[in-house]
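Here's a structure for you.
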Amino acid sequence: MKSLIVSMMLALVNQSAVAESVVERGRYLIKISGCNDCHTKDYAPLGGKVAEAQWLLGDQVGFAGPWGVSYAGNLRLRAATMDWPQWQARIQAGGLPPMPWPSVQAMTSQDQQAIYAYLRELGPAGEEMPANRIPGQPIETPYILFVPQMPDATTTKAN
Ligand code: HEC
């Protein structure tokens, strides 16, 4: 009886250790795969010096290009409203640039799940980001223009 209780307790400890290491792996994957560069305001310009509590709340600076305007949304709000199958389906569906859809789709389902677990652990916070715009719609936020330019002789001159 005693050993049964001990082994049940060990199983519980093991389970929470596994859950913890999945979340930790998700945190690691987020850090190495650049998700914060777009989904966390000012992360790239500040060289990553943004408190973890502010991570992945989205950015209202749009990415404008031939696809219209896309916004790197609030992943914490999104993960909070989706169960794991819905999250996985969202990733498989893909979407607009410059979101690195092929990279996230190429992750193993364990890695995708670790990112999802980490987002759920961070919990919902912040606001919804603006909805994407189709080409030709007015843009009401700051945006980065993603349009290839032809080489221009004038840019090599000192101003
Ligand atoms: C270069 C900028 C950029 C990077 C880096 C980036 N994203 Fe995104 N992400 C976006 C944009 C823009 C969208 C909106 C695309 C769309 O609507 O189709 C988006 C959308 C998403 C969505 C869909 C959200 C929704 O509301 O439907 C998920 C999930 C997501 N990104 C996860 C990630 C993860 C995980 C990483 C890191 C591996 C990452 N993103 C890295 C720009 C980026």
Side-chain angles (χ1 to χ4, degrees), residues 15-152 155-156:
Q15 254 179 27
S16 68
V18 167
E20 220 171 273
S21 72
V22 170
V23 167
E24 202 39 52
R25 172 142 186 96
R27 181 173 187 271
Y28 167 76
L29 289 167
I30 288 279
K31 279 171 71 177
I32 63 161
S33 53
C35 317
N36 279 311
D37 291 349
C38 296
H39 288 273
T40 299
K41 187 174 168 331
D42 293 337
Y43 190 89
L46 295 177
K49 290 188 181 59
V50 176
E52 194 169 351
Q54 303 304 314
W55 284 13
L56 306 167
L57 298 176
D59 197 332
Q60 342 206 2
V61 179
F63 294 104
W67 56 86
V69 187
S70 57
Y71 292 90
N74 183 329
L75 297 183
R76 290 165 60 174
L77 286 183
R78 192 62 69 251
T81 59
M82 285 184 181
D83 61 17
W84 160 240
Q86 287 170 325
W87 182 262
Q88 202 176 26
R90 174 68 195 94
I91 286 170
Q92 289 323 311
L96 301 176
M99 166 65 196
W101 289 111
S103 308
V104 180
Q105 287 164 347
M107 288 180 181
T108 62
S109 116
Q110 284 94 324
D111 283 349
Q112 292 172 351
Q113 197 155 15
I115 286 179
Y116 173 74
Y118 173 68
L119 287 166
R120 299 275 290 203
E121 177 76 16
L122 276 179
E127 293 162 22
E128 285 291 348
M129 291 302 108
N132 292 339
R133 299 282 192 275
I134 59 168
Q137 270 188 311
I139 311 174
E140 283 139 13
T141 64
Y143 61 94
I144 294 162
L145 195 54
F146 261 70
V147 178
Q149 307 292 309
M150 290 310 286
D152 179 351
T155 57
T156 58

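Keep in mind it's a predicted model, so treat the numbers as computed, not measured. As the structure lists them, so they are numbered: ligands from 1, and atoms in each ligand from 1.
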Open item on the list: Give me the residue, atom name and distance of the protein heavy atom closest to atom 15 (C) of ligand 1.
Closed with: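 Ranking protein heavy atoms by distance from atom 15 (C) of ligand 1, first comes L96 O, 3.7 Å.
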Task: ligand 1 contact on L29 by region, counting heavy-atom pairs under 4.0 Å - done: neither
Task: N or O pair under 3.5 Å between S70 and ligand 1 - done: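 No; the residue has no nitrogen or oxygen that sits under 3.5 Å from a nitrogen or oxygen of the ligand.
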Open item on the list: For ligand 1, which is the ligand I care about here, please tell me if S33 has any N or O atom under 3.5 Å from one of the ligand's N or O atoms.
Closed with: no
Task: Ring geometry between Y116 and W87 (parallel below 30°, tilted from 30 to 60°, perpendicular above 60°) - done: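 If you compare the ring of W87 with that of Y116, the planes turn out tilted.
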Task: L57 side chain near R76 side chain, heavy-atom distance below 4.5 Å - done: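 When only atoms from C-beta onward are counted, R76 and L57 do touch, with a gap below 4.5 Å.
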TODO: Taking atom 8 (Fe) of ligand 1 as the reference point, name the nearest N/O/S atom of H39.
DONE: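 This residue's closest N, O or S atom turns out to be NE2.
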- [ ] Would you indicate whether the side-chain heavy atoms of V104 and M99 approach each other to under 4.5 Å?
- [x] yes
Task: Numbering as shown, the atoms of ligand 1 that approach R78 to under 4.0 Å (heavy-atom distance) - done: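 Heavy-atom distances to R78 below 4.0 Å select 25 (C), 26 (O).
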- [ ] For atom 28 (C) of ligand 1, state which one of L56, L75, N74 supplies the nearest heavy atom.
- [x]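 Selected option, by shortest heavy-atom distance: L75.
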Task: Validation row: T40, D59 side chains within 4.5 angstrom (heavy atoms) - done: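 Not in contact.
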TODO: Of the side chain and backbone of W101, name the one, both, or neither that has a heavy atom under 4.0 Å from an atom of ligand 1.
DONE: side chain
- [ ] Pull out every atom of ligand 1 sitting under 4.0 Å from any heavy atom of W87, numbered as shown with elements.
- [x]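 What qualifies from ligand 1 is 29 (C).
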Task: ligand 1 atoms in contact with F63 (distance to a heavy atom under 4.0 Å) - done: 12 (C)
TODO: Can you figure out which of M129, M99, E128 has its heavy atom closest to atom 31 (N) of ligand 1?
DONE: M99
- [ ] Please examine the side chains of C35 and Y43, heavy atoms only from C-beta on, and report whether any two atoms are closer than 4.5 Å.
- [x]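 A side-chain contact under 4.5 Å is absent here.
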Task: Ligand-side contact atoms (ligand 1) for residue partner V104, heavy atom cut-off under 4.0 Å - done: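 Reading through ligand 1 atom by atom, the close ones are 38 (C).
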Open item on the list: What verdict does the side-chain contact (heavy atoms from CB on, under 4.5 Å) test give for E128 and Y71, after you've listed the backbone C-alpha separation in whole Å, the side-chain angles of each residue and the deciding distance to 0.1 Å?
Closed with: CA-CA 10 Å; E128 285 291 348; Y71 292 90; over 6 Å; no
Task: ligand 1 atoms in contact with C38 (distance to a heavy atom under 4.0 Å) - done: 1 (C), 2 (C), 3 (C), 4 (C), 5 (C), 42 (C), 43 (C)
Task: For atom 14 (C) of ligand 1, the protein heavy atom that lies nearest, with its residue and separation - done: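 Minimum-distance protein heavy atom for atom 14 (C) of ligand 1 reads Y71 O, 3.2 Å.
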Open item on the list: Against ligand 1, does P100 come closer than 4.0 Å with any heavy atom?
Closed with: yes
- [ ] Give the numbers and elements of all ligand 1 atoms closer than 4.0 Å to a heavy atom of C35.
- [x]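 Here the atoms of ligand 1 in question are 34 (C), 35 (C), 36 (C), 37 (C), 38 (C), 39 (C), 41 (C).
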- [ ] May I ask you to list the atoms of ligand 1 that are less than 4.0 angstrom from any heavy atom of G34?
- [x] 5 (C)
- [ ] Please say whether N132 places an N or O atom under 3.5 Å from an N or O atom belonging to ligand 1.
- [x] yes
TODO: Calculate, to the nearest 0.5 Å, the distance between atoms CD and CG belonging to Q110 and L29 respectively.
DONE: 11.0 Å
Task: Subset of ligand 1 atoms that lie under 4.0 Å from at least one heavy atom of G95 - done: 18 (O)
